[in-house]
Amino acid sequence: MGKTKALTGALLAVATLTVAGCSGGGAATGEIAAAPADPAGVSGEIKVLTHRTDLVQDGTLKRYAADFNKVYPKVKVTFEGITDYEGEVKIRMNTKTYGDVLMIPAAVAKNDYPSFFAPLGPAAELARKYRFSDKTEVDGKVYGIAQFGTANGFVYNKSLWRKAGITTWPRTPQEFLAALRTIGDRTDAVPYYTNFKDGWPMVQWTSNVGSVTCDAKATDKLAGPVSPWKAGGELHTIDTLVHDIVKQGLAEKDPTTTNWETSKALLAEGKIGSMMLGSWSITQMRAAAKQAGGSAEDIGFMPFPAQKDGAFCATLVSDYQQAVSAHSENKPAARAWIDWFTEKSGYSEREGAVPAVKAAPMPATLKDFVDNDVTFVERSEAETAVVNEIDNAAEIGLNKPDYRQKLIDTARGAQDGSLQDFFADLNKKWDEAARTAGS
């Protein structure tokens with residue numbers, strides 16, 4: 001499943017674009033897909049579109065459906081796994097036939113949700129029960145419920161770090177760089193691996209906005225001409241660390257040759273020290289460690305190297321959100337599936353992910369964070385539509401790999417310019433766009 005699952009994490013907050021030709025989908029009926037009160041009274045056939053082709057192919061989703069039918073015996077659930085989920089579903093949404101339940105594609109602009117999806121209920125009501133509900137809130141209504149969430153940080157090989165003599169988490173970017181230098185000096189491992197070539201891992205760094213200052217509204221505060229890369233800003237801190245890791249020779253020698261699938265085995269075997277990824281990656285890395293003859297305990301997860309009042313923080317962000325098509329003829333059955341899958345299936349727990357249900361405990365994969373009192377910051381999405389509009393107009397791509405790949409190329413000398421000039425250019429583009437698109 002590797003790359004499919006990893007791509008999910010990379011698409012946590014991709015900048016949105018209005019679906020071309022959306023008139024083909026027609027206007028939404030506005031009919032609420034309310035949570036059904038009586039399972040015995042819910043019937044019909046629903047199709048669920050999913051990016052998890054691996055779970056379709058190995059029969060996992062079919063087993064989930066069988067468990068669902070123990071509660072909702074009159075609902076027939078079929079699945080369609082789509083490899084190029086974003087590309088194909090975007091095209092289908094120009095029609096009225098894009099399944100009954102689907103993951104909201106990143107290509108759909110937030111303000112367009114009412115045209116494509118049925119409202120699931122009032123924002124105030126759903127916010128009491130679920131994390132990340134503001135991600136799909138439009139005009140006081142919620143249009144999606146997260147499958148799960150992810151915490152952000154560095155997945156690392158604990159055994160390798162101990163071998164290098166490092167037993168505590170770095171508290172500052174400077175301490176993190178010093179730790180990587182120690183690994184480089186005392187072992188044969190690559191201290192940090194960028195996964196530059198695959199691209200999507202570059203996006204993972206953006207998900208740390210909010211971790212640096214422990215501010216749930218850090219992303220919302222980008223909604224204006226605020227020069228996000230000015231000294232002291234979160235993106236300045238985050239991207240300076242990216243630059244310095246590469247500039248100081250602490251990453252792989254040639255980032256253009258990286259390979260995501262290979263990197264999992266290399267980290268598991270202690271040939272790579274660390275990678276910036278969401279907590280969704282922990283289960284994959286631990287499986288790779290066991291496959292390599294090691295132990296799952298060799299794989300750890302650490303927060304971004306910054307503290308506020310002596311404590312680490314880690315942002316929690318939503319994975320794909322499940323929605324009911326505005327054109328579904330079986331909305332009660334579709335909503336029943338979403339509610340059951342979110343609350344009763346055990347899916348997020350098996351994935352080692354942050355549950356969307358607020359009352360549920362954190363997964364065992366984040367035990368180190370819980371035991372060390374890392375503060376979890378559920379990042380606000382209140383200004384996401386404005387921030388995305390500015391980002392698109394500025395043609396930067398906070399949630400695309402290109403600008404951070406250019407940053408790495410600058411750091412390694414493959415592209416001319418200094419870090420200061422790079423940041424100045426980003427600030428100029430952002431602020432100019434904010435004065436038009438974001439105002």
Next on the checklist: Please determine whether side-chain contact (heavy atoms from CB on, under 4.5 Å) holds for the pair Glu378 and Phe132, giving the CA-CA distance in whole Å, both sets of side-chain angles, and the decisive distance to 0.1 Å.
Outcome noted: CA-CA 7 Å; Glu378 184 180 337; Phe132 319 118; 4.0 Å; yes
Item to check | Steps toward side-chain contact (heavy atoms from CB on, under 4.5 Å) verdict (Phe376, Val370) | outcome: CA-CA 9 Å; Phe376 292 106; Val370 173; 4.2 Å; yes
Item to check | Test log, rule side-chain contact (heavy atoms from CB on, under 4.5 Å), inputs Ser325 and Phe117 | outcome: CA-CA 5 Å; Ser325 167; Phe117 312 115; 5.7 Å; no
Next on the checklist: The test is side-chain contact (heavy atoms from CB on, under 4.5 Å); show your working for Ile390 and Leu222 and say whether it passes.
Outcome noted: CA-CA 9 Å; Ile390 295 170; Leu222 300 179; over 6 Å; no
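Comment: Glu261 engages Lys264 in a salt bridge, judged by a side-chain N to carboxylate O separation of less than 4.0 angstrom. One finds a salt bridge joining Asp339 and Arg335 here, because a Lys/Arg side-chain nitrogen approaches an Asp/Glu carboxylate oxygen to under 4.0 Å. Using a cut-off of 4.0 Å between Lys/Arg side-chain N and Asp/Glu carboxylate O, Asp215 and Lys217 are scored as not salt-bridged. Look at Glu351 and Arg52 and you find a salt bridge, because one of the NZ, NE, NH1 or NH2 atoms lies within 4.0 Å of a carboxylate O, short of that distance. Under the 4.0 Å criterion applied to side-chain N and carboxylate O atoms, Lys90 and Glu86 are not assigned as salt-bridge partners. Checked for salt-bridge contact, Lys129 and Glu343 meet the test: a charged N lies under 4.0 Å from a carboxylate O.
Checked by atom type and distance alone, the side chain of Trp337 never pairs as donor or acceptor with a backbone atom of Val101 at under 3.5 Å. Lys141 places no side-chain N or O within 3.5 Å of a backbone atom of Val138 that could act as its donor or acceptor partner. Looking at Asn152, its side chain never comes within 3.5 Å of a backbone N or O of Asn208 through a donor-acceptor pair. The closest donor-acceptor contact from the side chain of Gln322 to the backbone of Leu102 lies at 3.5 Å or more, if one exists at all. The backbone N or O of Ala178 sits less than 3.5 Å from a side-chain atom of Thr182, completing a donor-acceptor pair. Of the possible donor and acceptor atoms, none in the side chain of Asn157 sits under 3.5 Å from a partner among the backbone N and O of Gly273. Put simply, the side chain of Asn330 never gets that close to the backbone of Ala333: no donor and acceptor are under 3.5 Å apart.
Nearest heavy atom pair, residue Gln204 against residue Gly278, reads OE1-N, 2.9 Å. Of all heavy-atom pairs spanning Ala33 and Ala118, the tightest one is CB-CB, 4.0 Å. When every heavy atom of Pro363 is checked against every heavy atom of Ala353, the shortest pair comes out as CG-O, 3.3 Å. Nearest heavy-atom pair, Ser227 versus Asp431, reported as atom, atom and distance to 0.1 Å: OG-OD2, 2.6 Å. Nearest approach of Trp161 to Leu180, heavy atoms of both residues: CZ2-CD2, 4.1 Å.
Every pair passing salt bridge (Lys or Arg N to Asp or Glu O under 4.0 Å) that includes a residue from residues 406-427 is listed here, sequence neighbours excluded: Asp409-Arg412, Asp425-Lys429. A side-chain hydrogen bond (donor to acceptor under 3.5 Å, both in side chains) check over residues 360-371, counting only residues at least two apart or in different chains, returns the pairs Lys158-Asp368, Lys367-Asp371.
Atom CZ in Phe312 sits 11.0 Å away from atom OG1 in Thr375 (nearest 0.5 Å). Taken to the nearest 0.5 Å, the CG atom of Leu235 stands 6.0 Å off from the CG atom of Leu398. Put simply, OH on Tyr156 and CD1 on Ile282 are 10.0 Å apart, with the number rounded to the nearest 0.5 Å. From His51, atom NE2 reaches atom OH of Tyr85 across 8.0 Å, with rounding to the nearest 0.5 Å. The CD atom of Gln405 sits 8.5 Å away from the OG1 atom of Thr194 when rounded to the nearest 0.5 Å. Summarising the geometry, atom CD1 belonging to Ile104 is positioned 10.0 Å from atom NZ belonging to Lys110; distances are rounded to the nearest 0.5 Å.
When side chains are defined from C-beta on, Trp430 counts as touching Val226, because their heavy atoms get closer than 4.5 Å. Proximity of Val142 to Tyr130: side-chain heavy atoms (C-beta onward) are nowhere separated by under 4.5 Å. With contacts defined as side-chain heavy-atom distances shorter than 4.5 Å, the pair Leu316/Val377 does not qualify. Contact of the Ile82 side chain with the Thr53 side chain is not registered, since no non-hydrogen atoms from C-beta on lie closer than 4.5 Å. Put simply, the side chain of Val108 reaches to within 4.5 Å of the side chain of Tyr113, judged on heavy atoms. Proximity of Leu120 to Ile145: side-chain heavy atoms (C-beta onward) are separated by under 4.5 Å at one or more points. Between Val374 and Cys313 there is no side-chain heavy-atom pair separated by less than 4.5 Å. Side-chain contact between Gln321 and Met103 is absent, with no heavy atoms from C-beta onward closer than 4.5 Å.
Side-chain contact, Asp254 with Thr256: a donor N or O sits under 3.5 Å from an acceptor N or O. Inspection of the Asn399 and Thr206 side chains reveals no N or O donor paired with an N or O acceptor under 3.5 Å. Checked by atom type, the side-chain pair Thr315/Arg379 shows no donor-acceptor distance below 3.5 Å. A donor-acceptor contact closer than 3.5 angstrom is absent between the side chains of Glu252 and Thr258.
Checked against the 6.0 Å centroid threshold, Phe301 and Trp169 do not count as a close aromatic pair. Between Phe154 and Trp205, a ring centre-to-centre spacing shorter than 6.0 Å is recorded. In summary, the aromatic rings of Tyr347 and Phe148 are positioned with their centroids under 6.0 Å apart. Taking the six-membered ring for Trp and the full ring otherwise, Phe116 and Tyr143 have centroids separated by 6.0 Å or more.
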In a table with atom names and distances, give each donor-acceptor pair under 3.5 Å that connects a side chain of residues 238-245 to protein atoms at least two apart or in another chain.
from, atom 1, to, atom 2, distance (Å)
Asp239, OD1, Arg404, NE, 2.7
Asp239, OD1, Arg404, NH2, 3.2
Asp239, OD2, Trp229, NE1, 2.9
Asp239, OD2, Tyr403, OH, 2.6
Thr240, OG1, His236, O, 2.6

